[in-house]
Engineer: 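One structure is given below, represented as structure tokens, and several questions about it will come after.
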Amino acid sequence: MEFFEIQGFPVMVFMDGKEERMWLAGCPHKQRPLLNSQVKGNVIRCPFHGAEFDLISGKLVTPPDSKTPCPKDCSLIEVKLVNGEPKFSRDPFIPSLPRRE
């Protein structure tokens, strides 16, 4: 798994055989970073609430272990480069860590 930033958004690259798939490196559950996540095969696990996502389809595999449910479209945000510009499958976000109070 490779990570880089484009226009302020963290992006992760997953190689599926010879095909490259790019996703926003943020969990859609609570918009936490996926930078230090475990990857097994083609599944990435969010280190915060354990939500798991398929890195080929972007779909939720295992719901988060949290009182807060996933939003309606709880899937990874796909990133495609068109003429060097990122195009997101839906509105992107910049992942952040929980605030300490």
Engineer: Under the rule for salt bridge (charged side-chain N to carboxylate O under 4.0 Å, His left out), what residues qualify as partners of K87, not counting sequence neighbours?
Structural biologist: none
Engineer: Kindly write out the residues that satisfy salt bridge (charged side-chain N to carboxylate O under 4.0 Å, His left out) with D65, not counting sequence neighbours, or none if the list is empty.
Structural biologist: none
Engineer: Can you sort out the partners of F88 under ring pair (Phe, Tyr, Trp, His ring centres under 6.0 Å), two or more places apart, ordered by chain and number?
Structural biologist: F9
Engineer: Can you pull out every salt bridge (Lys or Arg N to Asp or Glu O under 4.0 Å) where at least one residue sits in residues 69-84? Sequence neighbours excluded, please.
Structural biologist: D73-R90, E78-K80
Engineer: Which residue pairs pass the salt bridge (Lys or Arg N to Asp or Glu O under 4.0 Å) test when at least one of the two sits in residues 24-37, sequence neighbours left out?
Structural biologist: none
Engineer: Determine which pairs satisfy salt bridge (Lys or Arg N to Asp or Glu O under 4.0 Å) with at least one residue from residues 45-59, sequence neighbours left out, and list them in order.
Structural biologist: R45-E52
Engineer: Are any non-hydrogen side-chain atoms of S75 and P28 less than 4.5 angstrom apart?
Structural biologist: no
Engineer: Would you please name every residue forming a side-chain contact (heavy atoms from CB on, under 4.5 Å) with L81, sequence neighbours left out?
Structural biologist: I6, M22, P86
Engineer: If hydrophobic residues (ILVMFWY) are linked whenever their side-chain heavy atoms come closer than 4.5 Å, directly or via other members, who joins V82 in its cluster?
Structural biologist: none
Engineer: Strictly by ring pair (Phe, Tyr, Trp, His ring centres under 6.0 Å), give each pair with a member in residues 58-78 just once, sequence neighbours left out.
Structural biologist: none
Engineer: So L76 and L34, do their side chains get closer than 4.5 Å, heavy atoms only?
Structural biologist: yes
Engineer: May I ask you to test the F93-I77 pair for a side-chain heavy-atom distance under 4.5 Å?
Structural biologist: yes
Engineer: Filter on ring pair (Phe, Tyr, Trp, His ring centres under 6.0 Å), then keep only pairs touching residues 36-71, sequence neighbours left out; what's left?
Structural biologist: H29-H49
Engineer: Using the side-chain hydrogen bond (donor to acceptor under 3.5 Å, both in side chains) rule, collect all pairs that involve residues 4-20, keeping only residues at least two apart or in two chains.
Structural biologist: Q7-E85, D16-R21
Engineer: Scan residues 10-71 for pairs that pass disulfide (SG to SG under 2.5 Å), counting only residues two or more places apart or in two chains.
Structural biologist: C70-C74
